[in-house]
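Structure, as structure tokens:
Just so it is clear: chains get the letters A, B, ... in the order the sequence lines come, proteins before strands, and each one is counted from 1.
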Number of protein chains: 2
Amino acid sequence: MTPDQWSALEAVHLDIAPIPAQLREQASELHVAAGMIVANLGSRPKFMYFIRAGEIRLRRLSINGAEVVLQRGTYGFVAEASLATAAYHCDIVAVEDSVLLAFPIKPFAELLPTDTSFANYWMTTLAREVRSLRAQCERLALRTARERIQHYIESEGRDGRLELRQTRKAWAAELGLTHEALYRTLSSMTAEGAVRLETSANRVVLLVKPL
Amino acid sequence: MTPDQWSALEAVHLDIAPIPAQLREQASELHVAAGMIVANLGSRPKFMYFIRAGEIRLRRLSINGAEVVLQRGTYGFVAEASLATAAYHCDIVAVEDSVLLAFPIKPFAELLPTDTSFANYWMTTLAREVRSLRAQCERLALRTARERIQHYIESEGRDGRLELRQTRKAWAAELGLTHEALYRTLSSMTAEGAVRLETSANRVVLLVKPL
DNA sequence: CGTACTTTTGAATCGCATCAAATCTGGTGG
DNA sequence: CCACCAGATTTGATGCGATTCAAAAGTACG
């Protein structure tokens, strides 16, 4: 990859700049069409994938043929555990046209124990992921749309202020709700004065009003 | 080795044996009564906690005083990200009488970059946690009790066989369901022949029958 | 200016939560 | 060994909230 392409990435929240240049140079950009299988269950991991665009899923087919989704990702690393495994325990599938960065896994794994700052980056990345996933789990365990919204604002926002980086429809999916349910709940919360919505520069901002 | 054999190896229970003896010797066992606050929001992390028994929560109070739970744990490490942060962004509370292992965080953080095998252990632990949390998120996003149960069996069981290590009531909570809903769904699934339950040696075993 | 998408509202339905209460169970102490 | 207790398991009735299906209005973008 060229330096130009890399600096564009550095602006994004999940930063891959700390990855050793040596690895970044070996990474190749992969364009995958919707429906394509990136890697198969049982095969030995050859690459560590980083999703830049699109949507990737890790899935497994159950005994009776039903699809079981183990992970869904639109940005960031997928299947981090494949570093330490001899074989994938699920398929990696693109459900949309996607752009992936494929880091050859062997040098990746070999450099981690050697390069201290790289290891630090990797541990920090994983720990952050764990934290955000745990919060997401707690949120999804909440019963009502209102509770999930409030939880999201509290855990992802700051000082009762939350800037959405996505459409409300996409947010609904993240909250485990239908978009109708989210729209309805947001409008009733607004009516009650529990939150206020601002739309500035195509960004929706949610403000929580303390009672 | 076949993929099956590998996942059997990976399913090893969370073990703290690989932690350097030097750190384990410095760790102290902490008995905390239900309701006690282990660490406060804003304070500098002094220990890395490992839950051996009881239940610990990471929580934050929202602007209007509502409790927001960011993590709930009954076994394993809590707040792994505190390794790299100067201050907790939430309270750590025991909601039951609990037993914790407190590793002084400074030597913990200092040894990680030095000790390669320790770093490997830590990265593997985190990656495994990420994987299991992602599966849990996908599961909780499913709408019906039946789908969550099937997802659990597929992702946590092996070959359509799942041994529960907990009561069904506790399992219901993990699935984000009331125990009534779980009992009812299990019995109707049994009636339809979708699963079969065996109780041997106080362990409930769930068997999925392929259609 | 048309197209694809998001946002919004409506009505009917379904599944789970909730409250209640009756067993069943493992483990305890007498 | 038995009585007893706390907890898990089971079943019932009711209501709420989200899903689902449907359709209209708004919005971004080429």
Integer-rounded Å distance: [N] [atom2] and [X] [atom1]:
{"X": "A:Leu140", "N": "D:dA18", "atom1": "CG", "atom2": "P", "result": "14 Å"}
{"X": "A:Lys169", "N": "C:dT6", "atom1": "NZ", "atom2": "P", "result": "4 Å"}
{"X": "A:Leu142", "N": "D:dA18", "atom1": "CG", "atom2": "P", "result": "12 Å"}
{"X": "B:Leu177", "N": "D:dT10", "atom1": "CG", "atom2": "P", "result": "15 Å"}
{"X": "A:Leu175", "N": "D:dT19", "atom1": "CG", "atom2": "P", "result": "11 Å"}
{"X": "A:Leu182", "N": "D:dG17", "atom1": "CG", "atom2": "P", "result": "16 Å"}
{"X": "B:Glu147", "N": "D:dT19", "atom1": "CD", "atom2": "C1'", "result": "12 Å"}
{"X": "B:Leu186", "N": "C:dC16", "atom1": "CG", "atom2": "P", "result": "12 Å"}

Nearest to the [X] side chain among [options], which nucleotide is it?
{"X": "B:Ser187", "options": "C:dC16, C:dT6, D:dT11", "value": "D:dT11"}
{"X": "B:Tyr183", "options": "D:dA18, C:dC19, D:dT10", "value": "D:dT10"}
{"X": "A:Arg143", "options": "C:dA17, D:dG12, C:dG10", "value": "C:dA17"}
{"X": "B:His179", "options": "D:dT20, C:dT9, D:dT10", "value": "D:dT10"}
{"X": "A:Thr167", "options": "C:dT9, C:dT18, C:dT6", "value": "C:dT6"}
{"X": "A:Ala181", "options": "D:dA18, D:dT11, C:dT6", "value": "D:dA18"}

- What residue among B:Arg139, B:Arg161, B:Arg148 forms salt bridge (Lys or Arg N to Asp or Glu O under 4.0 Å) with B:Glu156? B:Arg139
- Message: Taking the ring of B:Phe108 and the ring of B:Trp122, is the distance between their centroids below 6.0 Å?
- Response: yes
- Item | Validation row, ring centre B:Phe50 to ring centre B:Tyr75 under 6.0 Å | yes
- Message: Tell me whether the side-chain N or O atoms of B:Arg184 pair up with the base of D:dG12 as donor and acceptor below 3.5 Å, since no angle test is needed here.
- Response: yes
- State, without any angle test, whether B:Gln136 and A:Gln136 hold a side-chain donor-acceptor pair at a distance under 3.5 Å. no
- Phosphate OP1/OP2 of C:dA17: any B:Thr178 side-chain N/O under 4.0 Å: yes
- So, A:Ser98 side chain and A:Glu55 main chain: donor-acceptor pair closer than 3.5 Å or not? yes
